[in-house]
Amino acid sequence: MIYPPGLTALLAVGLLGQRVVAAPSSVSRSGSSFPWGSCESFGVNSTDPSFQCGYLEVPMDYHDSSAGNARLAVIKYAATAEKLGTLFVNPGGPGGSGFVAIELYGQAYSQLFQGTYDIVTWDPRGVGYTFPGELYIFDDTAEDAAYWKNTVHSYINETISGEFDKQDLEELYSRVDQTEGKYKDFNERCVNSPSGPYLKYLGTSSTVRDLVSLGDAIVGQGEPIDFWGFSYGTVLGFNFLNMFPERAGHVILDGVVDPNTWITYKILHSSLVDTEKTYSGLTDGCAVAGRAGCKLVEITGDGASGDDVKNLINDAHDVALELYRAGYDVPANPGFLTDWLFNLLYLPMTWSEGVNGFLYEYVALVLQASQAHNVTIPGGRKYNVPPGNITIDDTADTFFPNRTSYSQAAIAGADDFEDGNTTISNIFDIIVENTREVTPTFGAIWSLGYFSYGWPVRSVERLPTYSPKQLKHPALVIGNAADPVTPFASAQKVANMLGNNAFLLEQLGFGHTSIAQVSSCTLGVAANYIVNSTLPQGSTAQCPVDDTNLFPALNGSTTVSKRSNLLRRQW
């Protein structure tokens with residue numbers, strides 16, 4: 001996960017008015033050797049002097065000096081008050097840019113600690129300004145789309161949602177041989193790309209060692225390292241605890257990825273356990289708000305339940321699919337709707353904007369098309385079809401760059417456990433199982449596990465098996481009650497693995513990672529932990545979110561959905 005908008009709300013949280021002073025473990029006693037300078041050459045458009053940037057040379061292979069050096073691009077938001085310490089942050093991904101995250105939210109991170117901490121992050125290997133950089137296979141997004149057209153990769157994402165019917169199953173499994181060949185060709189393209197020689201250096205183990213090198217250069221040789229990892233950043237943080245327990249200061253694992261399934265295609269299953277629970281939170285919230293806060297109720301009719309709203313969205317998908325297969329125009333292919341909804345679940349504070357903008361417009365247009373082409377609504381349900389000319393605003397749909405980076409696949413593939421027995425049929429099996437047993441709405445859209453299949457290059461240093469360690473401070477493990485991609489069960493699993501070296505915090509909200517919704521309680525626990533080494537009594541706690549009303553009154557205004565901003569999904 002990257003770019004969490006909830007973090008900006010930290011600026012208004014009441015706990016920020018309380019100054020906390022303590023001597024943190026990360027105060028450098030041996031001095032920093034890092035060459036901080038201007039961020040201008042890194043494209044950071046800010047006049048804020050707290051932004052400082054630089055490069056750090058590190059071994060490409062920490063066990064083979066002949067491999068040469070990697071070059072890490074590093075950015076910090078410097079302390080604005082008397083400095084107490086340094087906090088390293090990883091925003092997720094894999095493949096999330098620390099530069100993008102800290103440029104957007106560095107000030108908010110800083111103010112959580114009253115400006116007393118340097119907030120430091122970096123572009124990991126395979127990302128942004130760091131060398132090795134992004135993995136590009138195609139010259140532009142059009143060539144990329146053409147390559148995957150009419151393959152199972154596009155077929156699943158464009159059409160299937162809900163339980164597979166007989167036609168879906170036959171179509172899916174008829175593509176086994178085609179899919180094997182396509183991924184073999186794709187993998188060869190990756191190996192033969194300009195990034196090919198560096199793919200074996202992109203694994204998490206190397207990035208853990210980079211974090212330690214950064215700690216040595218910035219905090220001090222051998223000093224404890226404070227770290228907050230979000231989503232994939234919890235994979236990084238967990239392995240940091242496993243590989244360098246003696247260097248661990250205060251470590252927060254937030255939005256936890258199951259480390260046991262991270263390196264296998266079974267992540268397709270374990271990650272989606274709470275997705276439907278999160279989706280129900282959205283549809284129930286819409287229904288409770290009524291037409292005053294949720295325009296979909298204008299279509300379902302007053303008194304709608306959350307299930308009624310969910311039926312409306314599902315019906316719109318199914319009608320769009322029928323129209324799409326028949327060759328009629330639809331606002332966007334039905335797979336896009338499912339993928340868009342999945343991304344929307346990440347960020348509850350955008351639910352009102354998204355539902356009352358793009359989703360309302362999409363549903364209305366599909367229902368109008370169903371009338372025009374005499375397509376029957378599934379189950380014979382009746383809706384109040386909005387009249388008039390409805391258009392979808394596409395002006396914001398410009399986020400994606402002109403080239404698609406496959407660094408996320410490369411990093412995950414480098415970590416992947418290759419048992420030599422996994423087949424495309426195994427992956428298809430788990431996708432079908434997901435739609436039937438885990439999440440009928442979203443089980444068929446997950447893609448990271450596809451690209452890990454058959455990945456041709458493994459990291460020069462594989463992730464080690466976890467063994468219990470004694471830590472100076474227990475790690476703070478945070479999970480949301482309903483997270484669409486890192487379920488609370490994964491946080492519980494990691495806390496159990498760490499045993500006495502973990503404190504488990506459940507935030508009673510929706511979305512991906514704790515900062516998807518603002519919780520003064522959670523932020524207070526995190527701040528006290530980092531600054532004061534203080535945690536609540538016991539080994540577990542729960543924290544409510546500050547605002548449970550995710551569909552406030554519209555006051556007659558129509559929100560505009562920023563589609564591109566809702567499609568910025570990574571771990």
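The basis for the numbers below is simple: all heavy atoms, side chains too, and nothing from hydrogens, waters or symmetry mates.
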For [X] and [Y], which I'm curious about, is there any donor-acceptor pair between the side chains at under 3.5 Å?
X: D415; Y: T204; answer: yes
X: S514; Y: Q507; answer: no
X: S520; Y: D546; answer: yes
X: T275; Y: T439; answer: no
X: T486; Y: H512; answer: yes
X: K310; Y: S280; answer: yes
X: K469; Y: N242; answer: yes
X: D210; Y: S213; answer: no
X: Q107; Y: S50; answer: no

Are the side chains of [X] and [Y] in touch, meaning some heavy atoms are under 4.5 Å apart?
X: Y232; Y: W262; answer: yes
X: V525; Y: P536; answer: yes
X: K295; Y: L359; answer: no
X: F240; Y: P245; answer: no
X: V518; Y: D547; answer: no
X: T261; Y: L268; answer: no
X: E246; Y: K472; answer: no
X: T540; Y: L505; answer: no

Polar side-chain atom of [X] near backbone of [Y] as donor-acceptor pair, under 3.5 Å:
X: N480; Y: G509; result: no
X: D254; Y: T513; result: no
X: S97; Y: V100; result: yes
X: N356; Y: S352; result: yes
X: T234; Y: S231; result: yes
X: Y360; Y: E298; result: no
X: T130; Y: D123; result: yes
X: S206; Y: L202; result: no
X: K76; Y: T86; result: no
X: T534; Y: N532; result: yes

F488 vs V273, side chain to side chain contact (heavy atoms under 4.5 Å, CB included): CA-CA, chis, key distance, verdict: CA-CA 9 Å; F488 186 66; V273 172; over 6 Å; no
Does the ring centre of [Y] sit less than 6.0 Å away from the ring centre of [X]?
X: Y77; Y: Y109; result: no
X: W122; Y: Y129; result: no
X: W228; Y: F88; result: no

Reported [atom1]-to-[atom2] distance for the pair [X] and [Y], which is rounded to 0.5 angstrom:
X: H269; Y: D258; atom1: NE2; atom2: CG; answer: 11.5 Å
X: T441; Y: N434; atom1: OG1; atom2: CG; answer: 12.0 Å
X: I75; Y: E103; atom1: CD1; atom2: CD; answer: 6.5 Å
X: I515; Y: I478; atom1: CD1; atom2: CD1; answer: 9.5 Å
X: L253; Y: L498; atom1: CG; atom2: CG; answer: 7.0 Å
X: I252; Y: F503; atom1: CD1; atom2: CZ; answer: 12.0 Å

Can Y117 and I119 be said to form a side chain to side chain contact (heavy atoms under 4.5 Å, CB included), step by step?
CA-CA 6 Å; Y117 271 69; I119 309 299; 4.1 Å; yes
So with a 6.0 Å cut-off around NZ of K266, is the heavy-atom count from everything else above 12?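 Not buried by this count: 12 neighbours or fewer within 6.0 Å.
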*asked:* For the NZ atom on K493, are there more than 12 heavy atoms of other groups (residues, nucleotides or ligands in this structure) within a distance under 6.0 Å?
replied: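 Atom NZ in K493 is not crowded, with 12 or fewer foreign heavy atoms closer than 6.0 Å.
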Indicate the ring-plane relationship of F442 and F342, choosing parallel, tilted or perpendicular according to the 30° and 60° boundaries.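 F442 vs F342 ring planes: tilted.
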With under 30° as parallel and over 60° as perpendicular, where do the rings of H250 and H473 fit, or are they tilted in between?
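If you compare the ring of H250 with that of H473, the planes turn out parallel.
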Legend entry - Result of checking L241, V235, L236 against N239 for side-chain contact (heavy atoms from CB on, under 4.5 Å):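 Exactly one option meets the side-chain contact (heavy atoms from CB on, under 4.5 Å) with N239, and it is V235.
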Margin query: F510 and side-chain contact (heavy atoms from CB on, under 4.5 Å): which single residue from T278, D483, D274, L347 fits?
Written below: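 Of all the options given, the one that passes is T278.
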Provide the closest heavy-atom pair for [X] versus [Y] in the form atom of the first, atom of the second, distance.
X: P124; Y: G96; answer: CD-O, 3.6 Å
X: G222; Y: D216; answer: N-OD1, 3.2 Å
X: S490; Y: V256; answer: CB-O, 3.2 Å
X: L84; Y: V531; answer: CD1-CG1, 4.3 Å
X: G126; Y: S407; answer: O-OG, 2.5 Å
X: F51; Y: I102; answer: CE2-O, 3.4 Å

- Message: Checking Y362 against W340 for the ring-ring contact (aromatic ring centres under 6.0 Å, His included) test, could you report, in this order, the C-alpha distance in whole Å, the side-chain angles of both residues, the deciding distance, and whether it holds?
- Response: CA-CA 11 Å; Y362 187 99; W340 182 91; 8.6 Å; no
| query | Can you list the steps and then say if V288 with F551 is a side chain to side chain contact (heavy atoms under 4.5 Å, CB included)? | reply | CA-CA 9 Å; V288 169; F551 288 89; over 6 Å; no
Practice item. Mind running side chain to side chain contact (heavy atoms under 4.5 Å, CB included) on V120 and V74 for me, showing each step along the way? Key: CA-CA 7 Å; V120 177; V74 189; 3.8 Å; yes
